[in-house]
Every structure is written in C-alpha cells, then in structure tokens.
Chemist: 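First the structure, which I've put down as structure tokens, then a few questions once you've had a look.
Every number for a ligand or one of its atoms is a count from 1 in the order of the listing.
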Amino acid sequence: MKTLLTGGAGYIGTHTAIELLQHGHDVVIFDNFSNSHLEAVRRVETITGQHVPTIQGDVRDQYALTDALTQHGIDSVVHFAGKKAVGESVSQPIDYFDNNVNGTLVLLRAMQACKVFKLVFSSSATVYGTPSYLPLDERHPTSSTNPYGRSKLMVEEILADVHHSSSNWALTVLRYFNPIGAHPSGCIGEDPADIPNNLLPYIAQVAVGRREHIQVLGNDYDTPDGTGVRDYLHVVDLARGHVKALERLQHLTGPELQTINLGTGQGHSVLEVIRAFEQACGKSLPYIMAPRRPGDIASCYANPARAQELLGWTAEYDLATMCADAWRWQSANPKGYRG
Ligand code: WQD
C-alpha cells in the first residue's frame, strides 16, 4: 500500500506511520502543522531508517491534496487531520466544522478526482454520547453533546451516504476510545500545544514538573471510586489497528463501509491512572478533587469483539505499559518537540 496520512505528523499519525513502514507499506505525510511538528516526522525516519515524504498542506486545499495523491501514486488514505479538543469546539464551532467536516468533503472530492477510493477515517467513541449500556458495541445509538463530537458524527453520516451513492468506495470508520502512551523508544509521543485537555498528558506534565498538580474532575460519579472511568488504549495498539484496517481494504475487491471500535474493553478510573503513573515514574503525584467537567460522562469502555472479528486485532498492552511508555517519552522530552 502507498498511503497518504492526513494529519500524519500528529500523535496518532506518527505512530501509525511507524507501524505501516515496519509492516512493509509506504507512507506520505500531509499536514498543516497547526498542532504538530516536523521534528516528529524526522524522528519517525530515525526510528524506521526510512525516508518519509512530507507535504505541508491543509486538507481544505483541494489542489494540494490532488497534487499529493497523483504525484506520489497514493492508493489509500488515512484521514487523521482535524481539530479534537472538546472544550475548544464549544467556543469555536465554525473552526471545528470547517476543519473537520468541510476538510473531509474536500478530501473526498480530491480522492474521487484521482480515483483513490480506499479510506480509513479517524472517528471517536465520543459519538456514542451518554452510554445507555456498557460495554459499547458499534450498534449502540450515536449522539453528540458538543461540536467536536457532532463533527465526527457528521463525517460518519457523510461516509454512509457516499457508500450508498457509489460502488467504488471502500470505507472504514475507526472509533477510538482513549489513546495514551508513546512509542517504546521514548522518541515520539503526545505533545499538546497548550494546557493539556486530556488526563494522561496532564499527569505526565505534572510528573515532569511542568504543572503543579492534577485536578481530578469529579469524584461523585456512579463508579467504583467515584472518578471517571475510560477505556485507555496504547497508541501503538491503536496504530496497529490502522495497519490491519488498511490491509483489509487492500484485499477488498468490492465496495464496503465498516465501523469498528478500537478499545481494550477494560475501564480504568482517574485515580487508577494516577496510581499507575506514580508506579511508572517512581514519584507521588499531587492532585486535588475538583468539580465535574461539563459534558463529561461517568463511564465509557468498548466491546472490542468486532475489531477481533473483522481485523484480527486486539489490544496487547496494559495500563502499566502505557504509563511506562508515556513516562519514558515525557521524561526524555520535558518540553515535547519544542525542547
Ligand atoms: C478522561 C477522564 C475526565 C483531565 C476526550 C474526547 C475523545 C478523545 C479523548 C479526541 C475523564 C478526567 C481529565 C483532567 C481529569 N479526544 N480528567 N482531569 O474526555 O474521555 O475523551 O479525549 O479524539 O474524543 O471526548 O478524555 O482524557 O479528557 O478525560 O480528571 O485534567 O479523565 O473527567 O473522566 P475524554 P480525557
């Protein structure tokens, strides 16, 4: 396969690039670097010993996309590019729908023009809204409570209409649960541009001394210890799920639309994650109890059976490994790629 990774210089994109290259595939990265670093791509090249063609471009630029697709002989696309902070989406909905929805439409039009019809789309478990049952399987009803989640759901619905409109397209929607951790080399990892919205990078920045203390956002949920429960998934496991999804598309001879959860099937609470990270970094981490974050749900974890059935994929790494790998990255790169 020769795959274009839109947003491929980002956290999940770089980890996926490594796994694709190490499984014998070729990748081209297309990124506007609004929330990523070229240094991360350089490190992918160091880890793999392979050159990674990289194009600075925006997915809303159809000409740039068409050039990339044709000049590099692309036969498939993984679409990572998009904005992904729930809180920010509430204050900047136009930006979110322009980047996430309009960007996907422009990409689909460029792919159609270039007769590239194999696409893996980066979706999110956030499309399940407040779970009416757990664990979450792909048949669970979808809903959205914020513009970020709505943008993901809109794209899923666009892809369903594209699938029904033509027999050309082979489409896979991957619904990520909570990706955390880093490549075991410690050379690449999660590097939020501003104050981390997500739990794990915030904990890692406290551990390395960049932040004062962790805020536990709510300890009165209906969960075993009162704090939020999520399905944390090692980013390398997630990346390998993309390899499996692309290899499935590679062997497909007809049209298809599949929607697949990528999660471990196990939930961990905020306090469990803090304790696991303390074990990984060998320090006691300060935290305070704080009010719930608006829009947060109590528990969310996957039924991963369909990923095993369709892709032969299951997560391998446990929470201890995720925290150890995240700490190795953060302690070696206290200021991320800007260091
Ligand atoms: C996890 C748990 C918080 C921060 C979101 C998006 C999802 C995906 C991942 C993009 C919750 C608690 C958090 C903190 C805390 N994003 N928490 N203190 O909200 O499950 O998912 O990010 O793809 O689509 O919805 O992840 O890491 O923000 O929160 O106590 O400083 O940690 O309340 O229970 P979330 P998260």
Side-chain angles (χ1 to χ4, degrees), residues 7 10-13 15-16 35 79-90 96 99-100 121-131 134 136 142-153 155-156 173-181 190 192-207 210-235 238 261-264 267-277 285-302 319 322-323 326:
Y11 172 46
I12 300 168
H15 285 85
T16 301
N35 188 25
H79 183 29
F80 292 113
K83 297 176 80 70
K84 63 163 203 168
V86 171
E88 182 186 58
S89 77
V90 175
Y96 270 69
N99 276 275
N100 296 4
F121 173 62
S122 164
S123 191
S124 167
T126 201
V127 302
Y128 291 118
T130 302
L134 287 169
L136 290 164
T142 55
S143 66
S144 53
T145 57
N146 57 73
Y148 162 72
R150 217 166 344 267
S151 73
K152 290 296 184 182
L153 203 44
V155 171
E156 288 198 12
V173 171
L174 298 179
R175 289 176 178 166
Y176 306 166
F177 280 71
N178 287 62
I180 64 169
E190 192 168 8
D194 305 310
I195 300 171
N197 293 294
N198 296 139
L199 177 65
L200 207 287
Y202 201 103
I203 290 175
Q205 290 190 11
V206 169
R210 280 180 63 183
R211 307 273 170 208
E212 191 182 322
H213 58 260
I214 301 155
Q215 291 191 81
V216 177
L217 299 174
N219 66 340
D220 57 351
Y221 286 107
D222 181 16
T223 62
D225 65 15
T227 64
V229 170
R230 296 292 185 274
D231 184 334
Y232 296 97
L233 170 69
H234 198 297
V235 65
L238 180 63
N261 286 341
L262 291 185
T264 66
H268 289 288
S269 74
V270 174
L271 292 178
E272 284 176 307
V273 175
I274 293 173
R275 279 195 289 275
F277 208 94
L285 299 176
Y287 64 85
I288 61 168
M289 292 302 174
R292 292 183 180 191
R293 180 169 61 180
D296 271 2
I297 57 178
S299 293
C300 175
Y301 50 91
L319 182 63
M322 296 179 215
C323 290

Chemist: For atom 9 (C) of ligand 1, what is the closest protein heavy atom, and at what distance to 0.1 Å?
Modeler: N198 ND2, 3.9 Å

Chemist: I need the nearest protein heavy-atom contact for atom 8 (C) of ligand 1: residue, atom name and distance, please.
Modeler: S124 OG, 4.4 Å

Chemist: Run through N198, V206, L200 and flag the one making a side chain to side chain contact (heavy atoms under 4.5 Å, CB included) with Y202.
Modeler: V206

Chemist: Can you report which non-hydrogen protein atom sits closest to atom 27 (O) of ligand 1, along with the distance?
Modeler: L199 N, 2.8 Å

Chemist: Using a heavy-atom cut-off of under 4.0 Å, does the side chain or the backbone of V270 touch ligand 1, or both, or neither?
Modeler: side chain

Chemist: Report the part of Q215 (side chain from C-beta onward, or backbone N, CA, C, O) that has a heavy atom under 4.0 Å from ligand 1; answer both or neither where that applies.
Modeler: backbone

Chemist: Among all protein heavy atoms, pick out the one at the shortest distance from atom 28 (O) of ligand 1; state its residue, atom name and that distance to 0.1 Å.
Modeler: R293 NH2, 2.8 Å

Chemist: Could you tell me whether V216 and ligand 1 have an N or O pair separated by under 3.5 Å?
Modeler: no

Chemist: Please could you name the atoms of ligand 1 that T126 approaches to less than 4.0 Å, counting only its heavy atoms?
Modeler: 24 (O), 25 (O)

Chemist: Measure from atom 1 (C) of ligand 1 to every heavy atom in Y287, Y202, Y232 and give the option owning the shortest one.
Modeler: Y232

Chemist: Mark up the atoms of ligand 1 that fall under 4.0 Å of a heavy atom belonging to D296, in ascending order.
Modeler: 3 (C), 33 (O)

Chemist: Give yes or no for whether the N/O distance cutoff of 3.5 Å, strictly under, is met between I214 and ligand 1.
Modeler: no

Chemist: Heavy atoms only: which of L271, N178, T145 lies closest to atom 26 (O) of ligand 1?
Modeler: N178

Chemist: Which is it for N197 and ligand 1 at heavy atoms under 4.0 Å: side chain, backbone, both or neither?
Modeler: backbone

Chemist: When you look for heavy atoms under 4.0 Å from ligand 1, do you find them on the side chain of V86, its backbone, both, or neither?
Modeler: side chain

Chemist: Is the shortest side-chain heavy-atom distance between I12 and P179 below 4.5 Å?
Modeler: yes

Chemist: With side chain to side chain contact (heavy atoms under 4.5 Å, CB included) as the test, pick out the partner of L271 among T223, D225, N219.
Modeler: D225

Chemist: Going by heavy atoms in the side chains, are E88 and Y148 under 4.5 Å from each other?
Modeler: no

Chemist: How far apart are the C-alpha atoms of S122 and Y176, what are their side-chain angles, what is the distance that settles it, and do they pass the side chain to side chain donor-acceptor pair (under 3.5 Å) test?
Modeler: CA-CA 7 Å; S122 164; Y176 306 166; 3.2 Å; yes

Chemist: Out of Y176, Y221, Y148, whose heavy atom is nearest to atom 23 (O) of ligand 1?
Modeler: Y148

